[in-house]
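So you know, we letter chains A, B, ... as the sequences are listed, proteins then strands, and number each from 1.
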Amino acid sequence: MADNNEHVMTIRHSLAHLLAAAVLQMYPGAKNAIGPAIDDGFYQDFDLPEAVSDDDLAKIEARMRDILKTWGAFTRKEVGIDEARQQFSWNPYKLELAEDLAREGAQLTFYTSGDFVDLCRGGHVQDAHEISPKAFRLTRVSGAYWRGDQSKQQLQRIYGVAFETPEELKAYLQMVEEAKRRDHRKLGQELDLFTFSDLVGAGLPLFTPRGTILRRQLDAFVQGMRDEYGYQEVAVPHITKKDAYIASGHWKKFQDELFRITTREGHEFAMKPMNCPHHTQIFASRVRSYKDMPQRYRETTMCYRDEQSGELSGLSRVRAFAQDDAHVFCRTSQVEEEALKIWDIVDRFYGTFGFELRVRFSTHDPAHPEGYSGSAEQWASTEAQLLSIVKQKVGDKYTDGVGEAAFYGPKIDFMAKDALGREHQVATIQLDFNQPEGFDLTCINENGEKERVVMIHAAIMGSIERFLSVYIEHVAGRFPVWLAPEQVRIITLNQQENVVRYADELAGKAKLLGLRAIVDSDNESVGKKIRSAELMKIPYTVVIGDKEIESGQLQPRIRKDMEVGETAEPRTVEEFLKTVANEAKSRVNKTSL
RNA sequence: GCCACCUUAGCUCAGUUGGCUAGAGCACCGCUUUCGUAAAGCGGGGGUCCGGGGUUCGAAUCCCCGAGGUGGCUCCA
């Protein structure tokens with residue numbers, strides 16, 4: 001999706017200038033701030049005397065097209081700070097940028113197109129005629145803080161999308177439409193997977209029976225793999241004294257985001273926002289020999305974070321979520337082997353769903369040491385250790401995420417590319433040398449000495465909610481048989497007693513094979529019941545009438561996406577059930593009938 | 001939390017510039033029908049027009065406060 005070829009980026013950046021020119025003409029007193037090219041388009045920030053709404057975008061767009069006709073080449077001019085001060089005396093944002101750049105010793109440049117002059121470092125098209133007036137569109141307005149700083153003035157940001165050709169714009173808009181059709185919030189409602197209640201609260205999803213089946217299946221898959229690698233399940237309470245978070249270091253950084261509880265005796269507790277402190281105390285509950293290392297704990301459990309209301313969104317960002325969490329307590333010498341095992345699980349898990357993974361090596365930001373615990377030496381050594389694992393695994397096919405580390409250590413983050421080409425951060429492997437110190441975690445080594453251990457945090461799905469939000473959209477709600485909340489819909493042709501009885505018996509046989517089958521014996525036409533099963537995206541539908549009872553053969557209808565014909569050849573009941581049961585067991589993505 | 005926009009039945013949405021007992025389709029319930037692979041017919045129930053306050057002879061409609069949602073910003077252990 002991200003189209004980053006250089007020419008289109010110059011088009012986008014030039015359009016930001018054009019947008020600024022249009023808005024400055026239309027809104028006297030308007031001041032433009034920054035306006036870069038971004039994936040898919042561009043934006044421009046403004047300080048405006050009045051609020052722009054979505055309805056105004058068409059007018060602004062029309063003005064942009066008018067101005068575009070009058071523009072020719074973009075001309076560059078090197079200027080000194082005094083000239084910049086003079087030119088932008090009306091615009092405090094440009095002035096601030098100019099002063100900062102001058103202080104850094106950078107060469108200031110003006111770019112002029114038509115009669116619009118902007119302080120800018122460049123990256124425009126040579127000539128404005130390279131911009132197709134039919135290949136861009138303004139899409140939305142939003143608020144944005146000056147210089148991305150919450151404490152500073154909020155500006156109005158206008159976003160646009162832009163491409164080299166109108167055809168590319170059209171394809172992009174179609175992709176956006178497709179994304180709307182697949183929106184997990186919409187599908188969650190339509191497929192009866194989860195819901196929200198104003199009484200329960202924002203950001204607190206409630207999973208229906210169907211949605212809960214999905215959660216269970218996914219979780220069993222992840223945790224089953226962990227068991228293969230020697231993990232042991234643990235269980236902990238969902239509240240803790242605040243002391244645990246003071247020791248872990250979380251209190252300092254995240255105390256505002258905790259749901260706090262004061263007991264009747266005045267003690268301060270918090271709903272757990274993560275599980276590491278609890279798990280450390282299981283590790284610390286007895287003296288550990290080096291022979292017992294590593295200790296690998298796994299647990300799928302709810303966490304609670306008091307996120308800002310404006311950040312909540314469907315299942316992507318919630319206040320209560322289930323982490324498929326695991327912590328490995330190991331010796332420094334065991335880190336590599338353990339991390340590679342986790343990486344295996346990540347590969348197996350995402351490979352099953354057809355996600356392509358990209359790796360990000362997330363390190364601390366040396367420019368802002370205040371955001372991290374631990375010494376510079378410790379960061380250097382853990383980052384080196386993690387980097388060697390990354391290189392061993394993917395060579396140089398990873399991206400650097402400077403400043404993306406957790407406060408307690410560096411991470412390997414995995415980004416999954418979905419069916420529409422969008423990337424989402426999913427799994428993570430985190431190396432933590434700080435909490436073992438905070439909780440004084442040790443094992444006794446070969447020399448009888450206490451040895452500091454290392455913690456590895458690893459979530460495969462991240463959270464079940466977030467993974468579901470990505471996955472529902474990835475498959476557009478068409479779950480493979482092993483995940484489908486309802487795998488087989490058994491429709492009765494009519495309501496004759498023998499037909500309904502046969503359908504119920506078939507459902508019974510399916511259940512004995514571990515399948516999820518539901519009988520629809522409503523007093524509705526067959527067509528209506530078929531339609532209903534299709535809308536619920538149920539993988540297999542069979543119709544039962546006298547013909548099936550006499551022949552013992554079924555003619556299954558198969559959900560369309562499975563790249564198989566709509567209606568399969570007839571086969572015996574036993575054959576059909578065996579095939580479906582095998583698919584469910586083997587976690588294949590496609591039907592095999 | 002901040003900016004903009006939005007909220008009418010379980011769902012999707014109509015509802016003229018403020019003016020009758022607030023509507024439709026689907027869903028749900030009942031009756032008729034007993035049907036062959038994407039919607040059978042008829043009837044019925046269901047609303048504190050998100051909540052509270054205000055303006056007005058009169059508010060779903062205008063104003064204020066709050067809740068929830070959407071798109072961004074900020075944040076994300």
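Rounded to whole Å, the C1' atom of C65(B) lies 15 Å from the corresponding atom of U55(B). Of the C1' atoms belonging to C6(B) and G44(B), the separation is 33 Å, rounded to the nearest Å. For the C1' atoms, the distance from G58(B) to U17(B) is 15 Å, rounded to whole Å. On the C1' atoms, C49(B) is 13 Å away from A14(B), given to the nearest whole Å. Nucleotides U8(B) and C62(B) place their P atoms 15 Å apart, quoted to the nearest Å. Rounded to the nearest Å, the gap between the C1' atom of G47(B) and that of G41(B) is 28 Å. Across G68(B) and C50(B), the matching P atoms stand 16 Å from one another, rounded to whole Å. Distance check on atom C1': G54(B) versus U61(B) gives 15 Å, rounded to whole Å.
In this structure, of C73(B), U74(B), A38(B), it is C73(B) that holds the atom nearest to the side chain of A144(A). Residue P273(A) has its side chain nearest to A77(B) when only G36(B), A77(B), G71(B) are considered. The nucleotide whose nearest atom lies closest to any side-chain atom of E311(A) is, among C35(B), G71(B), G1(B), G1(B). Considering only the side chain of S525(A), A39(B) comes nearest among A39(B), U74(B), A77(B). Of the candidate nucleotides U74(B), G72(B), A39(B), U74(B) has the atom nearest to the side chain of Y145(A). Considering only the side chain of A51(A), A4(B) comes nearest among A39(B), C73(B), A4(B). Comparing C35(B), G68(B), A77(B) by their closest approach to the side chain of D198(A) singles out G68(B).
By the 6.0 Å and 45° rule, R571(A) does not stack over the aromatic ring of F576(A). Remark: R298(A) fails to qualify as a cation-pi partner of Y231(A) under the 6.0 Å distance and 45° angle criteria applied to the six-membered ring.
G148(A) comes within 4.0 angstrom of sugar-phosphate atoms only, judged by non-hydrogen atoms across all strands, and of no base. D192(A) comes within 4.0 angstrom of no nucleic acid atom, judged by non-hydrogen atoms across all strands. Nucleic acid contact for V141(A): base, since at least one base atom lies under 4.0 Å from a heavy atom of the residue.
Between R317(A) and E465(A), no side-chain nitrogen of the basic residue sits less than 4.0 Å from a carboxylate oxygen of the acidic one, so the salt-bridge criterion is not met. By the 4.0 Å N-to-carboxylate-O rule, E178(A) lies close enough to R182(A) to be salt-bridged with it.
Using the Watson-Crick or G-U wobble rule with both distances under 3.5 Å, A27(B) pairs with nothing in any strand shown. C49(B) is unpaired under the Watson-Crick or G-U wobble criterion, no partner having all donor-acceptor distances under 3.5 Å.
Phosphate proximity of G36(B) to K528(A): absent, as no side-chain N or O sits under 4.0 Å from OP1 or OP2. Within the 4.0 Å cut-off from OP1 or OP2 of G1(B), at least one side-chain nitrogen or oxygen of S309(A) is found.
For the residue pair D413(A)/T428(A), the side-chain donor-acceptor check at 3.5 Å is satisfied.
On a pure distance criterion of 3.5 Å, a polar donor-acceptor pair joins the side chain of R317(A) and the base of C75(B).
Note: CZ (F196(A)) to P (G10(B)) measures 19 Å, nearest angstrom. Atom pair D45(A):CG and A4(B):C1' shows a separation of 14 Å (rounding to whole Å applied). Taking atom CD1 on I38(A) and atom C1' on G71(B), their separation rounds to 13 Å, with Å as the unit.
Aromatic pair Y372(A)/H364(A): ring centres closer than 6.0 Å.
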